[in-house]
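The block underneath contains the structure these notes are about, expressed in structure tokens.
Being a predicted model, the structure only gives us computed values, none of them experimental.
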Amino acid sequence: MAMHLQRLPRFGKHIRALSRVTAHRCAGTMAPTVNSARGTPLHFPAKSGKAARGAFSFQLPRESQPENPRNRAAADPNNTPKREIRLDKVTSEDVVSLWPPRPLMQGPVVPEQLELEQRPDLWLREDQVAIEDAGRFVRLPRDDLLELLPEGPCGELARDLTLVPSRSRPVGLMLRKLTIELMRTLTDLRDATCSKGRPRINKAGFLLDGKRGVGKSQIMNLLTIWARRNGWLVVVEPAVSRYRMEIADIKRSNNGVYIQNEFSQQFLEATSIANREMFMNIPVDMSVYGSTGLDGEPLSEAKKLYQPLIETTVDAEVENIEDPTERLKRIAKYAKKVRMPSMVEQLPTPGNVWDIVEFGLENETHATQAVAELFLQLQKQDTYPVLVMCDQWNECFPVSEYVSIRYDNTRFHGYIPAYHLTMPRAFHKWDGYKYKRGLKICATSWVRYKRRDYRPDLLGVKDHEVRTVRAFTQQEFANYVTYLRLMGVLHHFPKKDLEYFYMMTQGNGFQTRKMLSMLY
């Protein structure tokens, strides 16, 4: 009892008074005891049927109450004595021995991971591509990626590369079934000829459609790389939406088109990096050279704007002349005298297509016209097979971020439509049939708009020209997860959860990357 009193000095005289009390438990009653300090009898309630158990104790509470030995023997057949833990008996050595616990020091339990050796067909091993190679990855060094895609990659390939920790190891692009089919089609069209034996491609092109994240843009990237390695002249626009979303200087022409010379120069510069040598080998068709104006529209359409002014002037001159043919002669004479500003005045005889591109790079005023002249020359030439690639093609048709009072109280609500801007206007037409030896491949993008409102047939696209991109198959999904694991994007991905995440993402590449990179 003295031991407990020494540990509790704060209770003072109450503890000292109670220390003098001795509790005697008898068979039927509790005998009164007189306090020597005050002489007052202290009565304890009587308890019957209980034997005396010793003196009254003031011990601290215990973590575990004492058990009946019979119950302990029944619960523990081996009759192993259990250790009682008392807070007043815990020492610093006990704390060190109990913390930290051993499972915590051993680290997390790593589940069975998706081993790389289980996907031996992850990479494409040969240059010849067959339909059995669908789902494999084409290994590309980063230098080759920059050399073959100087305009920038389509879609979110740049974001995929930022997830890879290494900045030097090669990356991969998955071969989809549709990619292999388009490669075979382009191989047959590359050397196609007409009935006279001249190079000719009688096909307008293909439109890649599908839900967001199924891989349309990655197909565009791989087709661009493959086509440039196989002798195609490829003109790529990876993000046509930026011409209507980003703000730059614009000028309105007489035709009602808004000129974007700054963006035109950027496009010419990016296109010339990979195609300069081919541009230098393509002669200029002088029959169509100079047929466009500063806004990229045909000069014949711009000259029609002056027709009412010419007729008014001629009517005033021939008012007293009776000869009816004189009026028509004067109208034709004045129409020939109409001169529109054009690059032909400063570059009358370009030697090749590169001279037109270079002139547009050096003269910002004529940059938009240089883009229009470039596409006209590519439509007429037959030196190289031409492939025009445009991602986010459906972004050429909504309204832009530019405003104009001319569109107030219209269905555009004051915003300029994207196809009234010169750069989206250069890509918005489905005019692949105009290329003598070429075609167009466009892809849609559903980041900002809903796919259900899309009607490509209204834009001149036929049903057999639409190619729908589907989600990953189970094999492609497993290869994609293995690729992310190999590139260090995923860590400790459990093999047994492959089917579960395939069900959760529905085989969508965008959702797969988003979910797995966040969880693992």
Counting N and O atoms only, with roles assigned by atom type, does the side chain of [X] sit under 3.5 Å from a partner on the main chain of [Y], one being a donor and the other an acceptor?
X: Arg244; Y: Val399; value: yes
X: Gln506; Y: Met503; value: yes
X: Gln511; Y: Gly213; value: no
X: Tyr483; Y: Gly172; value: yes
X: Lys216; Y: Thr468; value: no
X: Asn479; Y: Gly135; value: yes
X: Glu373; Y: Gly290; value: yes
X: Asn363; Y: His366; value: no
X: Trp446; Y: Gly210; value: yes
X: Gln260; Y: Tyr243; value: yes

Residue pair [X] / [Y]: nearest heavy atoms and the distance that separates them:
X: Thr365; Y: Leu294; result: O-CD2, 4.1 Å
X: Leu378; Y: Ile282; result: CD2-CD1, 4.2 Å
X: Asp133; Y: Gln128; result: OD2-O, 3.7 Å
X: Pro424; Y: Leu421; result: CD-O, 3.5 Å
X: Val288; Y: Lys380; result: CG1-CE, 3.9 Å
X: Asn508; Y: Ala471; result: N-CB, 4.4 Å

I'd like to know whether [atom1] of [X] has more than 12 heavy-atom contacts from other residues, nucleotides or ligands below 6.0 angstrom.
X: Asp457; atom1: CG; result: yes
X: Met504; atom1: CE; result: no
X: Phe375; atom1: CZ; result: yes

Phe206 vs Leu182, side-chain contact (heavy atoms from CB on, under 4.5 Å): CA-CA, chis, key distance, verdict: CA-CA 9 Å; Phe206 302 97; Leu182 292 177; 4.0 Å; yes
As a quick check of understanding, evaluate side-chain contact (heavy atoms from CB on, under 4.5 Å) for Met280 and Arg276, giving each step before the final call. CA-CA 6 Å; Met280 297 178 68; Arg276 177 174 179 176; 4.2 Å; yes
If you measure only the distance, is there a donor-acceptor pair under 3.5 Å linking the side chains of [X] and [Y]?
X: Thr271; Y: Glu151; value: no
X: Ser400; Y: Tyr258; value: no
X: Arg228; Y: Asn230; value: no
X: Asn281; Y: Tyr384; value: yes
X: Ser342; Y: Gln369; value: yes
X: His420; Y: Tyr407; value: yes
X: Trp226; Y: Thr224; value: no
X: Asn394; Y: Thr444; value: no

What do the steps show when you test Asn255 against Ser253 for side chain to side chain donor-acceptor pair (under 3.5 Å), and what is the final call? CA-CA 5 Å; Asn255 288 328; Ser253 67; 4.8 Å; no
Does any part of the side chain of [Y], heavy atoms only, come nearer than 4.5 Å to the side chain of [X], both counted from C-beta?
X: Arg190; Y: Asp188; value: no
X: Val469; Y: Ile219; value: yes
X: Leu173; Y: Ile225; value: yes
X: Gln474; Y: Leu498; value: no
X: Lys436; Y: Arg200; value: yes
X: Met220; Y: Leu208; value: yes
X: Thr292; Y: Leu299; value: no
X: Met487; Y: Arg169; value: yes

So Arg513 and Asp160, salt bridge (Lys or Arg N to Asp or Glu O under 4.0 Å) or not? Walk me through it. CA-CA 9 Å; Arg513 183 197 64 189; Asp160 294 340; 2.4 Å; yes
Run Leu374 and Val353 through side-chain contact (heavy atoms from CB on, under 4.5 Å) and show every step you take. CA-CA 7 Å; Leu374 170 63; Val353 175; 3.5 Å; yes
Ring-plane angle category for Phe397 and Trp393, please: parallel below 30°, perpendicular beyond 60°, tilted otherwise. perpendicular
Would you check, one step at a time, whether the test ring pair (Phe, Tyr, Trp, His ring centres under 6.0 Å) holds for Phe501 with Tyr520? CA-CA 12 Å; Phe501 281 106; Tyr520 298 98; 5.8 Å; yes
Distance under 6.0 Å and angle within 45° of ring axis: Arg212 vs Phe510: yes
So does [X] pair up with [Y], basic N to acidic O under 4.0 Å?
X: Glu476; Y: Arg176; answer: yes
X: Arg425; Y: Glu297; answer: yes
X: Arg467; Y: Asp209; answer: no
X: Lys304; Y: Glu301; answer: yes
X: Glu395; Y: Arg448; answer: yes

I'd like to know whether Trp354 forms a side-chain contact (heavy atoms from CB on, under 4.5 Å) with Glu277, so could you lay out the CA-CA distance, the side-chain angles of the two residues, the decisive distance to 0.1 Å, and finally the verdict. CA-CA 8 Å; Trp354 169 247; Glu277 295 182 0; over 6 Å; no
If you measure from [atom1] on [X] to [atom2] on [Y], what distance do you get to the nearest 0.5 Å?
X: Thr512; Y: Phe472; atom1: OG1; atom2: CZ; result: 6.5 Å
X: Arg437; Y: Leu189; atom1: CZ; atom2: CG; result: 10.5 Å
X: Arg242; Y: Glu237; atom1: CZ; atom2: CD; result: 6.0 Å
X: Ile250; Y: Ile259; atom1: CD1; atom2: CD1; result: 10.0 Å
X: Ser264; Y: Glu269; atom1: OG; atom2: CD; result: 13.0 Å
X: Leu361; Y: Phe267; atom1: CG; atom2: CZ; result: 11.0 Å

Decide yes or no on ring pair (Phe, Tyr, Trp, His ring centres under 6.0 Å) for Tyr419 and Phe427, but give the supporting numbers first. CA-CA 9 Å; Tyr419 51 86; Phe427 293 95; over 10 Å; no
